[in-house]
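Inspection log for the structure reproduced underneath, given as structure tokens.
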Amino acid sequence: MFTKVLIANRGEIALRVIRACRELGVATVAVYSEADRESLHVRFADDDVCIGPAPARDSYLRIPRLIAAAEITGADAIHPGYGFLAENAEFAETCAASGITFIGPTPHQIRTMGDKSAARAAMIANGVPVVPGSPGPVESVDEALEWAEKMGFPVIIKASAGGGGKGMRVARDVDDLAKSFQVARAEALSAFGNGSVYVEKYLQRPRHVEFQILGDTHGTVIHLGERDCSVQRRHQKLVEESPCPVMTPDLRARMGEAAVKGAKAIDYVGAGTVEMLLDEDGAFYFMEMNTRIQVEHPVTEMITGVDLVKEQLRVAAGEKLSISETPAMRGHVIECRVNAEDPARNFQPSPGRIDVFHMPGGNGVRVDTHAYAGYHVPPYYDSMIAKLIVHGHDRAEALAKMRLALDTFIIQGVTTTIPFLGKLMDHPKFVSGDVHTKFLEQEGADLFL
Ligand code: MV4
């Protein structure tokens, strides 16, 4: 095991990683920007290093400063958390070149899955179902049109370097296609410096169902069940749950097998997530693989009892996973992301001082947060200030527990999404589990007020 781990992140995930290290007897190093001086991750770590001014590009994204901080403090490994440099192959390479273990997959695995078109090709080559479409990038409108005519409209043009919804355009008909192709290509070029795009059949109302994967360096790759993350707004997840409300043992076996096959195709090592689209007719398709620990990992932790961050540390240290098969899944788990945002103002961020902070509690209630009364939510970073996760025997109990927990989560001083989430928990379609990726856009209007 490592002696000292540097956490190249901030906020709740930095605290989450510090806890896992502590439990394993590993010392920790916090890095922080000038805006995060008063943060709990700095107080809870054994050592801390200021790495620059508030903007992330001047601090949390500066690879040389992170490596220097690790060298100065004697850290032998770096955990990247999520966001920032978590899926940056160059960072993973620089760690290795500096004799520091990157707690995550290899640079090659990060790169393959980061190129969405290459990932799709790797899945096709290994017999993992993908949405019908072009096997690789398309170079012209005419080539895109050939595929569109083969599959039928609507189609979606996606940036190879994209993911998370950037550089995507839907085309409803032939007239749409030329424009969508050009817009997607231009957006991809300006956002990623890479104009490569590919074409897929567009699914109108799919669910987003993702499988948690763990792989080790001894050849074991397993899945730990799924999370339904269909409730999103502008590609930001708001609620995640497990099991997926429409899951059956047979469907889980087939989707899980496909997810593991996809991860094994690149000999995946570490914690990862295979995102799939589950269509209304029960067909499922590989969409993307995320090569990091995700925000919503506690959903899987609560339903399986497996500590995913401790598994990441074990795997990175060359040890075997603590489990060799898919663990049993017990009951039902729901997670709500609490953001300092104003739903009535188009979810505009609401930074500032938290004056009152009272957390819910009780049996089966988990809160992952870095916030406290007196904490200043900085305007520079993601506005998530807490994750509220509840476990019930079944979905109805989990829902009831979530409603009560949201009602007793008191935050004053900044506007939060808590009241919005409370209303969402009473929405008839959410209550019945009848959601899809367009749910909020199409049915959420009265929740925002
Ligand atoms: C799709 C799709 C429908 N059909 N691909 C959104 C983010 C990126 N990961 C891929 N995305 C989608 N790809 C096909 N062929 C619909 C989406 C999509 C979506 C997916 C998951 C969660 C929320 C979403 C919201 C809008 C669109």
Side-chain angles (χ1 to χ4, degrees), residues 82-83 87 113-121 123-124 128-138 144 147-148 150-172 176-177 180-181 183-184 187-188 191-192 196-211 226-241 244-246 255 259 262 272-292 294-296 299 335 337 347 424 430 434-444:
Y82 51 69
E87 291 173 285
M113 291 305 177
D115 180 335
K116 305 305 164 185
S117 175
R120 185 176 152 82
M123 294 307 127
I124 295 169
V128 178
V130 299
V131 188
S134 61
V138 290
W147 287 108
K150 207 170 289 179
M151 302 171 310
F153 283 96
V155 298
I156 183 166
I157 320 278
K158 294 184 174 181
S160 301
K166 274 175 279 171
M168 275 179 18
R169 276 293 178 288
V170 176
R172 302 265 159 209
D176 249 9
L177 190 71
S180 294
F181 179 87
V183 171
E187 210 172 286
F192 314 114
S196 167
V197 297
Y198 60 102
V199 187
E200 284 179 0
K201 171 90 188 153
Y202 180 64
L203 311 178
Q204 312 255 11
R205 301 170 97 222
R207 285 174 176 271
H208 171 127
V209 178
E210 57 182 36
F211 276 73
E226 80 283 0
R227 299 181 289 254
D228 188 319
C229 309
S230 298
V231 180
Q232 309 201 358
R233 183 188 164 274
R234 300 197 178 161
H235 304 292
Q236 284 286 102
K237 294 166 186 162
L238 299 176
V239 180
E240 304 97 351
E241 64 180 304
C244 164
V246 300
M255 290 183 82
T273 300
V274 174
E275 295 186 346
M276 296 198 256
L277 292 173
L278 176 59
D279 209 355
E280 289 155 283
D281 63 4
F284 61 86
Y285 310 97
F286 171 89
M287 182 166 52
E288 297 178 9
M289 182 168 188
N290 300 319
T291 55
R292 60 170 190 272
Q294 288 192 271
V295 173
E296 60 272 25
V299 171
E335 171 176 278
R337 298 189 187 191
F347 289 80
L424 178 58
F430 184 80
D434 182 13
V435 293
H436 50 83
T437 52
K438 293 280 167 194
F439 164 70
L440 273 188
E441 204 175 300
Q442 291 176 2
E443 331 230 14

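Whatever order the structure lists them in is the order used to number ligands and atoms, beginning at 1. Both backbone and side-chain heavy atoms feed into the values below; hydrogens, waters and symmetry mates do not. Sequence positions, counted from 1, serve as the residue numbers for this chain.
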So which heavy atom in the protein is nearest atom 18 (C) of ligand 1, and how far is it from that ligand atom?
-> H235 CE1, 4.3 Å
Would you call E240-R227 a salt bridge at under 4.0 Å N-O?
-> no
Would you indicate whether the side-chain heavy atoms of L203 and Y285 approach each other to under 4.5 Å?
-> yes
Rounding to 0.5 Å, atoms CZ (F439) and CZ (R233) come to a distance of 14.0 Å
Any side-chain heavy atom of K158 sitting closer than 4.5 Å to one from M287?
-> yes
min-distance protein heavy atom vs atom 7 (C) of ligand 1 -> G165 N, 3.4 Å
Enter the distance from S180:OG to M168:CE here, rounded to the nearest 0.5 Å.
-> 11.0 Å
Residue Y202 vicinity, atoms of ligand 1 by number, heavy atom under 4.0 Å = 2 (C), 3 (C), 4 (N)
Element-labelled atoms of ligand 1 that are located less than 4.0 Å from some non-hydrogen atom of Q232 = 22 (C), 23 (C)
Quick one: pull up CG in D228 and NZ in K237 and give me the separation to the nearest 0.5 Å.
-> 10.5 Å
How far is atom 5 (N) of ligand 1 from its nearest protein heavy atom, and which residue and atom is that?
-> K158 NZ, 2.9 Å
Look up atom CG in L177 and atom CZ in R172, then write down how far apart they are to the nearest 0.5 Å.
-> 13.0 Å
Quick note on ligand 1: atoms under 4.0 Å from a heavy atom of H208 include exactly 21 (C), 22 (C)
For atom 22 (C) of ligand 1, which candidate among L277, V209, T437 holds the nearest heavy atom?
-> T437
Taking only heavy atoms of M168, which atoms of ligand 1 are found under 4.0 Å from at least one of them?
-> 6 (C), 7 (C), 8 (C), 10 (C), 11 (N)
Calculate, to the nearest 0.5 Å, the distance between atoms NZ and CE belonging to K116 and M289 respectively.
-> 10.5 Å
Report the part of K201 in contact with ligand 1, treating N, CA, C, O as backbone and CB onward as side chain, heavy atoms under 4.0 Å; options are side chain, backbone, both, neither.
-> backbone
Will you find, in the side chains of Q294 and T273, an N or O donor that is under 3.5 Å from an N or O acceptor?
-> yes
Using a 4.0 Å heavy-atom cut-off, say whether I156 meets ligand 1 through its side chain, its backbone, both or neither.
-> side chain
The reported gap from CD in E288 to CE in M276 (rounded to nearest 0.5 angstrom) is 13.0 Å
Using a strict 4.0 Å cut-off to heavy atoms of E200, name the atoms of ligand 1 that fall inside it.
-> 5 (N), 14 (C), 15 (N)
Is P206 close to ligand 1, meaning an N/O of one under 3.5 Å from an N/O of the other?
-> no
What atoms in ligand 1 come closer than 4.0 Å to a heavy atom of E288?
-> 8 (C), 9 (N)
Write out the residue and atom name of the closest protein heavy atom to atom 4 (N) of ligand 1, then the distance separating them to 0.1 Å.
-> L203 N, 3.0 Å
Tell me, which protein residue and heavy-atom name are nearest atom 10 (C) of ligand 1, and how many Å apart are they?
-> M287 SD, 3.4 Å
